[in-house]
Trainee: 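Structure incoming, see below.
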There are 2 protein chains.
Amino acid sequence: MSAPPVRVVLADDERMVRTALRVILDAEPGLEVVGEAATGAQAVSVVRELRPDVVLMDVRMPEIDGIRATEQILSGMETPPRIVVVTTFENDSYVYEALRVGAAGFLLKRAAAEDLVQAVRLVARSDCLLFPSAVRALAAEHARRQPAPPPPWAARLTEREAEVLRLMATGLTNAEIADRLRVGSATAKSHVAAVLAKTDVRDRTQAVIAAYESGFITPR
Amino acid sequence: MSAPPVRVVLADDERMVRTALRVILDAEPGLEVVGEAATGAQAVSVVRELRPDVVLMDVRMPEIDGIRATEQILSGMETPPRIVVVTTFENDSYVYEALRVGAAGFLLKRAAAEDLVQAVRLVARSDCLLFPSAVRALAAEHARRQPAPPPPWAARLTEREAEVLRLMATGLTNAEIADRLRVGSATAKSHVAAVLAKTDVRDRTQAVIAAYESGFITPR
DNA sequence: AGGGCTCTCCCCCGGACGGGGGAGACGGTT
DNA sequence: AACCGTCTCCCCCGTCCGGGGGAGAGCCCT
């Protein structure tokens, strides 16, 4: 293991936190804390100057928060470091923000020292993302959308009716649906009527709305 | 470090993969491969019997795939193991599926041996999630929704027209919109006409669809 | 003072839509 | 054999919708 040490910069507005992190990381062979920053603005300039491999970035900081600092660092450098965002609460919307701007990882402040060390090592070596239980929230968030609560009426629709509803949701008229299905317009009409009855709505527009709202169809 | 070893079960339909994983993991102090399974069904029963700490679960397996096996294990045991889902491609929709059913982590087969070991250690110790670059996709997916691409025609709508479109998207008729806005039905009608023209659609249903698809309004 | 935009409201008209019936054909279940 | 569900198609009828005109009041900007 004669690999060059992983160079780390700490960005946190509280001196005690920086010190604690430095003690933990410097005690590890192969890890080296090369710089610190107490504000987002400082973080940006320090990182530009020192070009570390990894940055531990606090979210809440004066002047510029960790998210925007991350954004600026990643967009302004040709070989940006891997940035691990650190926060106290896992249900922060910061999680999503951090991922959106391109952070490589996410870490809770209450993480164990070993987790911290392994997080830095992993992030430094690959583009792997290391996560605390915060990702549970992300996963839950995603799950909340994907398997949308099964539409109660969807099960009652026949194959044909479901097909008609999908066509309705593309903005087709009864005649166009009939053409598409190669059936008479009267048939399309009665299928539409069945859909309206089973979804318990008044007109095709409300049916389409119900389809979107229930997750029967999804945007894009 | 006199902690009891982390007990691992491997589930993969290819013997060579299982062997490779076993070699890597058994070489690590503190890790112990206690069982293997070649199908999803086997995985479920083996895990129930051996009660390991961690399961490395392949996605593609005969009989029952890794996702459903994960689901069954997690729902059927009082203290289920942490399950790390393993796959070959990072852009699989399996990533989302795995998270949805409650997998603790996600790993690529081409991950380095050290990453694998650390993944197992991390997952065994905490409820942390360890991720490959696959999470990039998840993050991107999430980001793709949040700042929805601004509708091109939304800017051209007047305040009143936008209001009318939102009401249209709740399934109201022209008369109901008029009542809601405290204006004559002719007025609501002409606003609707303006919306249809500016959104370049034929009828109110297509307008509502455009509103959903463009992100002008969002489900739920 | 004039012009442009928005909001308001009116007319007529044709077509699409939705409600109410009914009915034949097919397949599966009892 | 009788029944039910599904898909297919037909009739009539009233309403809502969208297209085409036009027009007056208020506003802001030049």
Side-chain angles (χ1 to χ4, degrees), chain A residues 150-219, chain B residues 150-219:
Chain A
W153 40 258
R156 309 193 63 82
L157 293 181
T158 68
E159 267 301 317
R160 208 53 160 169
E161 288 159 357
E163 202 174 355
V164 167
L165 177 53
R166 279 188 291 271
L167 291 176
M168 288 166 68
T170 65
L172 300 186
T173 66
N174 289 342
E176 289 166 339
I177 291 173
D179 285 351
R180 189 71 70 88
L181 296 181
R182 310 306 222 78
V183 298
S185 62
T187 302
K189 191 168 143 73
S190 61
H191 284 316
V192 169
V195 169
L196 297 184
K198 290 186 180 176
T199 54
D200 193 35
V201 296
R202 191 173 47 193
D203 51 44
R204 69 202 301 103
T205 302
Q206 289 189 348
V208 170
I209 294 169
Y212 272 107
E213 293 296 326
S214 69
F216 181 81
I217 56 167
T218 52
Chain B
W153 39 258
R156 308 193 63 82
L157 293 181
T158 68
E159 266 302 316
R160 207 54 159 170
E161 287 159 358
E163 201 174 356
V164 167
L165 177 53
R166 279 189 289 270
L167 291 176
M168 288 166 68
T170 65
L172 299 186
T173 66
N174 288 343
E176 288 165 339
I177 292 174
D179 285 351
R180 189 73 70 88
L181 296 181
R182 311 304 222 80
V183 297
S185 62
T187 302
K189 190 169 145 72
S190 61
H191 285 316
V192 169
V195 170
L196 297 183
K198 290 186 180 176
T199 55
D200 192 35
V201 296
R202 191 173 48 194
D203 52 44
R204 69 203 300 102
T205 302
Q206 289 190 348
V208 170
I209 293 170
Y212 272 107
E213 293 295 326
S214 69
F216 181 81
I217 55 167
T218 52

Trainee: Can you name the nearest heavy-atom pair linking B:L196 to B:A207, along with the distance?
Mentor: CD2-CB, 3.9 Å

Trainee: Can you name the closest pair of heavy atoms from A:G184 and A:A178 and give their distance?
Mentor: O-CB, 3.6 Å

Trainee: Nearest nucleotide by nearest heavy atom, which residue falls closer to the 5' end of DNA chain D, A:V183 or A:K198?
Mentor: A:K198

Trainee: Can I get a per-line list of side-chain donor-acceptor pairs under 3.5 Å for residues 162-170 of chain A, giving both atom names and the distance, sequence neighbours left out?
Mentor:
| residue | atom | partner | partner atom | Å |
| --- | --- | --- | --- | --- |
| A:E163 | OE1 | A:R160 | NH1 | 3.2 |
| A:T170 | OG1 | A:L167 | O | 2.6 |

Trainee: Could you identify which residues of residues 199-210 of chain B place a heavy atom less than 4.0 Å from some atom of DNA chain C, listed by residue number, or say none?
Mentor: none

Trainee: List the atom of B:A211, the atom of B:S214, and the distance in Å for their closest heavy-atom pair.
Mentor: O-OG, 3.3 Å

Trainee: Write out all pairs satisfying side-chain hydrogen bond (donor to acceptor under 3.5 Å, both in side chains) with one or both partners inside residues 177-193 of chain A, taking only residues at least two apart or from two chains.
Mentor: none

Trainee: With sequence neighbours excluded, tell me which residues meet side chain to side chain donor-acceptor pair (under 3.5 Å) with A:K198.
Mentor: A:E161

Trainee: Please enumerate all residues that pass side chain to side chain donor-acceptor pair (under 3.5 Å) together with B:R156, with sequence neighbours excluded.
Mentor: none

Trainee: Just grab all the salt bridge (charged side-chain N to carboxylate O under 4.0 Å, His left out) pairs involving residues 200-213 of chain B, residues at least two apart or on different chains.
Mentor: A:E176-B:R202

Trainee: Which residues in residues 165-181 of chain B have at least one heavy atom lying under 4.0 Å from any atom of DNA chain D?
Mentor: B:T173, B:N174

Trainee: Considering only residues two or more places apart or on different chains, which pairs with a residue in residues 192-219 of chain B satisfy ring-ring contact (aromatic ring centres under 6.0 Å, His included)?
Mentor: A:Y212-B:Y212, B:W153-B:F216

Trainee: Of all residues at least two apart in sequence or in a different chain, which pass the side chain to side chain donor-acceptor pair (under 3.5 Å) check with A:T199?
Mentor: none

Trainee: Along DNA chain D, 5' to 3', what are the outermost nucleotides having an atom less than 4.0 Å from a heavy atom of chain B?
Mentor: D:dC17 to D:dG19

Trainee: Using atom CG of B:L157 as one end and atom P of C:dT6 as the other, report the distance to the nearest whole Å.
Mentor: 10 Å

Trainee: Identify the heavy atoms of B:V192 and B:N174 that sit nearest to each other, and give their distance.
Mentor: CG2-OD1, 3.3 Å

Trainee: Could you state the atom-to-atom distance from CD of B:E163 to P of C:dC7 in whole Å?
Mentor: 9 Å

Trainee: Using a strict heavy-atom distance below 4.0 Å, which residues from residues 185-193 of chain B are in contact with DNA chain C?
Mentor: B:A186, B:T187, B:S190, B:H191

Trainee: Using a 3.5 Å distance criterion without hydrogens, assess whether the side chain of B:Q206 forms a donor-acceptor pair with backbone atoms of B:V201.
Mentor: no

Trainee: Angle between the two end axes of the helix from C:dA1-D:dT30 to C:dT30-D:dA1, five base pairs per end, rounded to 10 degrees?
Mentor: 40°

